[in-house]
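As structure tokens, the structure follows; a few thoughts come after it.
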Amino acid sequence: MAILSLRPGAFRTRNPGRDAETDQARTETVRNAILMALADARRERDGLKQRMSMYYAQAATMLDASDDYARREKADEMVIRTAEQGAAAARRRVAALDAQIEKFGALILQLDGNSVGASGEADEATSA
């Protein structure tokens with residue numbers, strides 16, 4: 001019993017058009033997942049930037065309203081320190097998100113073959 005037939009035409013390949021459609025669908029699935037991650041990272045970054053501004057404003061308000069450092073109440077000092085720590089943590093996270101956004105944008109460009117797709121989404125995907 002022969003495993004492989006030696007008859008001409010016994011081995012058939014798929015239609016190249018169908019292969020191209022399958023490849024495109026697979027690429028679009030990956031691209032859409034990256035675009036979703038990109039949108040999530042941008043949303044998180046934008047929210048953190050708002051909170052960071054709030055933390056800095058809170059610290060500045062407390063500094064303006066309180067006595068100088070030597071006579072400042074411990075409760076005021078604690079509020080200022082907490083606001084500064086929150087802003088510093090937000091700043092570190094924003095930097096990490098900016099790095100992620102840059103990487104996701106590079107992946108989109110790579111998937112698009114370093115050119116803008118028909119819908120112009122590559123430019124949109126990489127803009128910060």
Side-chain angles (χ1 to χ4, degrees):
M1 177 174 174
I3 295 177
L4 295 175
S5 172
L6 298 177
R7 288 181 289 145
F11 178 76
R12 293 180 19 200
T13 61
R14 289 175 32 159
N15 179 328
R18 185 174 172 198
D19 286 343
E21 288 174 13
T22 301
D23 293 346
Q24 181 63 31
R26 196 175 293 126
T27 300
E28 282 301 311
T29 299
V30 172
R31 189 176 195 283
N32 289 336
I34 294 169
L35 287 173
M36 286 175 49
L38 187 57
D40 288 346
R42 284 184 178 149
R43 238 183 338 271
E44 183 181 351
R45 180 195 59 191
D46 294 345
L48 278 170
K49 282 183 175 182
Q50 288 177 345
R51 279 184 271 165
M52 188 169 57
S53 295
M54 181 194 67
Y55 288 135
Y56 282 130
Q58 184 181 13
T61 300
M62 285 302 296
L63 284 169
D64 287 344
S66 65
D67 292 330
D68 66 9
Y69 183 76
R71 297 183 312 204
R72 193 175 298 147
E73 292 183 28
K74 288 194 183 279
D76 289 346
E77 187 61 33
M78 184 59 131
V79 169
I80 294 167
R81 188 176 306 117
T82 300
E84 288 173 341
Q85 288 171 345
R91 191 173 50 250
R92 286 188 301 273
R93 181 64 181 152
V94 165
L97 289 168
D98 282 340
Q100 282 182 18
I101 290 167
E102 186 177 326
K103 287 176 185 175
F104 292 150
L107 287 172
I108 290 295
L109 287 176
Q110 188 175 11
L111 281 174
D112 289 347
N114 293 325
S115 64
V116 178
S119 63
E121 289 181 4
D123 281 344
E124 178 183 314
T126 58
S127 64

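Heads up: numbering here begins at 1 and tracks the sequence.
- Under the 4.5 Å side-chain criterion, counting only non-hydrogen atoms from C-beta, Gln58 is not in contact with Thr82.
- Placement of Phe104 and Leu111 within a single hydrophobic cluster is found when ILVMFWY residues are connected by side-chain heavy-atom separations under 4.5 Å, directly or transitively.
- Scored by the salt bridge (charged side-chain N to carboxylate O under 4.0 Å, His left out) test, Arg18 finds no partners at all (sequence neighbours excluded).
- The structure places CD1 of Ile108 at 15.5 Å from NZ of Lys103, a figure rounded to the nearest 0.5 Å.
- By the rule that hydrophobic residues join a cluster once side-chain heavy atoms approach within less than 4.5 Å of another member, Ile101 and Leu107 end up as members of one cluster.
- Closest approach of Ala59 and Glu84 over heavy atoms only: CB-CG, 4.3 Å.
- Expressed to the nearest 0.5 Å, how far CG of Asp98 lies from CZ of Arg93 amounts to 10.5 Å.
- Distance OG1/Thr61 to CD1/Ile80: 10.0 Å, rounded to 0.5 Å.
- Going from atom CG of Leu38 over to atom CG of Asn32 covers 12.0 Å, rounded to the nearest 0.5 Å.
- When side chains are defined from C-beta on, Glu44 does not count as touching Asp40, because their heavy atoms never get closer than 4.5 Å.
- Side-chain contact between Arg45 and Arg42 is present, with heavy atoms from C-beta onward closer than 4.5 Å.
- Lys49 has no carboxylate O lying under 4.0 Å from a charged side-chain N of Asp46, or vice versa, which leaves the two without a salt bridge.
- Under the 4.5 Å side-chain heavy-atom criterion for grouping Ile, Leu, Val, Met, Phe, Trp and Tyr, Met36 is not connected to Val30 through any hydrophobic cluster.
- If you chain together ILVMFWY residues whose side-chain heavy atoms come under 4.5 Å of each other, Met78 ends up in a group of its own.
- Between the CD atom in Glu102 and the CG atom in Leu97 there is a gap of 13.0 Å [rounded to 0.5 Å].
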